[in-house]
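Shown next, in structure tokens, is the structure this report addresses.
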Amino acid sequence: SKSESGDIEMCSKGISMANYALASPTMESGEVVPSALKMDGRGDVQVPFETTIQILESQGIDDVVLSSSFSVQDKANAQYIRTLFRFKLYCCTSDDSSSVQSAILGVMQDDWETFVVDELIPTIASANSGDVPGYSAEDEGEAWPLRMWYSGSSIKSIEIMNTLMGDMYLAGGSMIFVLAYLTIHTRSMLLSFFSLFLVSITVPLSYVITAVLTGTTTMHVASFLSLFLIVGL
């Protein structure tokens, strides 16, 4: 783990209802009766529901795990619960130069995006489709009953960019078809190629002109939708 010892719990176990409902007992040497409960989700016996709620409330995290409309009296109709994970990594000190800080933060951001793309999103997508290790719909008599929604730092933008890149491959295939059609129509490969080239550079050209005139270099992801309009034109 890249987290310091005091922060590992928040990323390895997180905060969830399961950790509190299946707390494991802690017993001193030679004792039979547990002296404390460890909220790690590894217990064999479920803690009474009312006790779990009281512990959540006493620690001030009931609003984190439970919805605002949750009611103990109506617990059977609860629709969703939350689980929170926090990844806290050591970066640098104020004595480090800005270039060093930027370099370290860049590596951390790359590691985070790799984790989200290669591990997090595929795992959640697999679980939402019912493919859960150790769970068999035939043995249980029903499909996987849970569905996960998630959010976090940069996750939304990563999903948008992944979807956009997939669509760009499709757009590239469409441009090949358009190029073939233009070649047949104009009977000139050179003319057809430069026609598509001129249309394609409208996006970067408009970006440069806008940056020069307005002084801003920020480009919204919606601007990339113009690529698909270009293919249609």
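Every heavy atom of this structure was used, including side-chain atoms; hydrogens, water molecules and symmetry mates were not. Along the sequence shown, the residues carry numbers beginning at 1. Remember, predicted model here, so these are calculated numbers, not experimental data.
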ask   = Linking I/L/V/M/F/W/Y whenever any side-chain heavy atoms sit under 4.5 Å apart, do Phe193 and Leu198 land together?
value = yes

note = Taken in chain and number order and not counting sequence neighbours, the residues that satisfy salt bridge (charged side-chain N to carboxylate O under 4.0 Å, His left out) with Glu119 are none

request  = Any salt bridge (charged side-chain N to carboxylate O under 4.0 Å, His left out) involving residues 173-183? Give me the pairs, sequence neighbours left out, ordered by first then second residue.
outcome  = none

query = Considering residues, nucleotides and ligands other than Asp44, do more than 12 of their heavy atoms fall under 6.0 Å from its CG?
reply = no

inquiry  = Looking at Trp112 and Ser153, would you say the former's side chain and the latter's main chain have a donor-acceptor pair under 3.5 Å?
reply    = yes

request  = To the nearest 0.5 angstrom, please state how far the OG1 atom of Thr163 sits from the CE atom of Met165.
outcome  = 11.5 Å

task = List the steps, then state whether side-chain contact (heavy atoms from CB on, under 4.5 Å) holds for Met17 with Leu66.
result = CA-CA 8 Å; Met17 175 67 81; Leu66 305 171; 3.4 Å; yes

query = Under the side-chain hydrogen bond (donor to acceptor under 3.5 Å, both in side chains) test, which residues partner Thr52, sequence neighbours left out?
reply = none

query = Quick one: side-chain contact (heavy atoms from CB on, under 4.5 Å) partners of Ser94, sequence neighbours excluded?
reply = none

ask   = So which heavy atom on Leu191 is nearest to which on Ser188, and how close?
value = N-OG, 3.1 Å

query = If two hydrophobic side chains count as joined below 4.5 Å and joins carry through other members, does Leu182 share a cluster with Met189?
reply = yes

ILVMFWY cluster, Phe85 and Met148 together (side-chain gap under 4.5 Å) = yes

message = Nearest 0.5 angstrom please: Ile124 CD1 to Trp149 CH2, how far?
response = 12.0 Å

ask   = Would the number of heavy atoms belonging to other residues, nucleotides or ligands and lying under 6.0 Å from CZ of Phe49 be above 12?
value = yes

query = Taking all atoms of both residues into account, what is the closest heavy-atom pair of Val100 and Asp96, and its distance?
reply = CG1-CB, 4.2 Å

key: Qualifying residues under side-chain hydrogen bond (donor to acceptor under 3.5 Å, both in side chains), relative to Ser129, sequence neighbours excluded   = none

task = Please name the pair of heavy atoms, one in Cys91 and one in Ile104, separated by the smallest distance, quoted to 0.1 Å.
result = O-CD1, 3.5 Å

note = In terms of heavy-atom contacts, Thr83 and Ser16 come closest through OG1-CB, 3.2 Å

remark   = Looking only at heavy atoms, the pair that brings Tyr20 and Ile61 closest together is OH-CD1, 3.1 Å

key: side-chain hydrogen bond (donor to acceptor under 3.5 Å, both in side chains) partners of Ser98, counting only residues at least two apart   = none

query = What pairs of residues pass the salt bridge (charged side-chain N to carboxylate O under 4.0 Å, His left out) test when at least one of them lies in residues 49-63, not counting sequence neighbours?
reply = Glu50-Lys75

ask   = Distance only, no hydrogens: is a donor on one side chain within 3.5 Å (strictly under) of an acceptor on the other, for Ser99 and Ser97?
value = yes

inquiry  = So, taking the atom named CD in Gln54 and the one named CG in Leu56, what distance separates them when rounded to the nearest 0.5 Å?
reply    = 10.0 Å

Side-chain (Gln101) to main-chain (Thr93) donor-acceptor, under 3.5 angstrom = yes

Side chain Ser126, main chain Asp131, donor-acceptor under 3.5 Å = yes

note = Heavy atoms of Val116 and Pro122 approach each other most closely as O-CD, 3.9 Å

request  = Check whether any side-chain heavy atom of Leu120 lies under 4.5 Å from a side-chain heavy atom of Phe115, and answer yes or no.
outcome  = yes

Please list every donor-acceptor pair under 3.5 Å in which a side-chain atom of residues 154-161 meets a protein atom from a residue at least two apart or in another chain.
{"unit_1": "Ser154", "atom_1": "OG", "unit_2": "Gln109", "atom_2": "NE2", "d": "3.3"}
{"unit_1": "Ser157", "atom_1": "OG", "unit_2": "Ser154", "atom_2": "O", "d": "2.9"}
{"unit_1": "Glu159", "atom_1": "OE2", "unit_2": "Tyr150", "atom_2": "OH", "d": "2.5"}

key: Linked hydrophobic residues, Leu205 as query - side chain contacts closer than 4.5 Å   = Ile209, Leu213

query = For the atom pair CZ (Arg82) and CD1 (Ile15), what is the distance rounded to the nearest 0.5 Å?
reply = 12.0 Å

key: Residues clustering with Leu146 (ILVMFWY side chains joined when closer than 4.5 Å, directly or via others)   = Val132, Tyr135, Trp144

request  = List, by chain and then residue number, the residues other than Tyr181 in its hydrophobic cluster (Ile/Leu/Val/Met/Phe/Trp/Tyr, side-chain heavy atoms under 4.5 Å); write none if there are no others.
outcome  = none

task = Starting from the C-alpha separation in whole Å, work towards a yes-or-no answer on side-chain contact (heavy atoms from CB on, under 4.5 Å) for Ile53 and Phe70.
result = CA-CA 11 Å; Ile53 298 301; Phe70 176 81; 4.0 Å; yes

inquiry  = Looking at Ala125, is its backbone amide N or carbonyl O close enough to the side chain of Asn128 to form a donor-acceptor pair, meaning the two atoms are under 3.5 Å apart?
reply    = no

query = So do Arg42 and Leu22 actually touch side chain to side chain, heavy atoms under 4.5 Å?
reply = no

task = Report the residues that fulfil side-chain hydrogen bond (donor to acceptor under 3.5 Å, both in side chains) with Thr214, sequence neighbours left out, ordered by chain and then residue number.
result = none

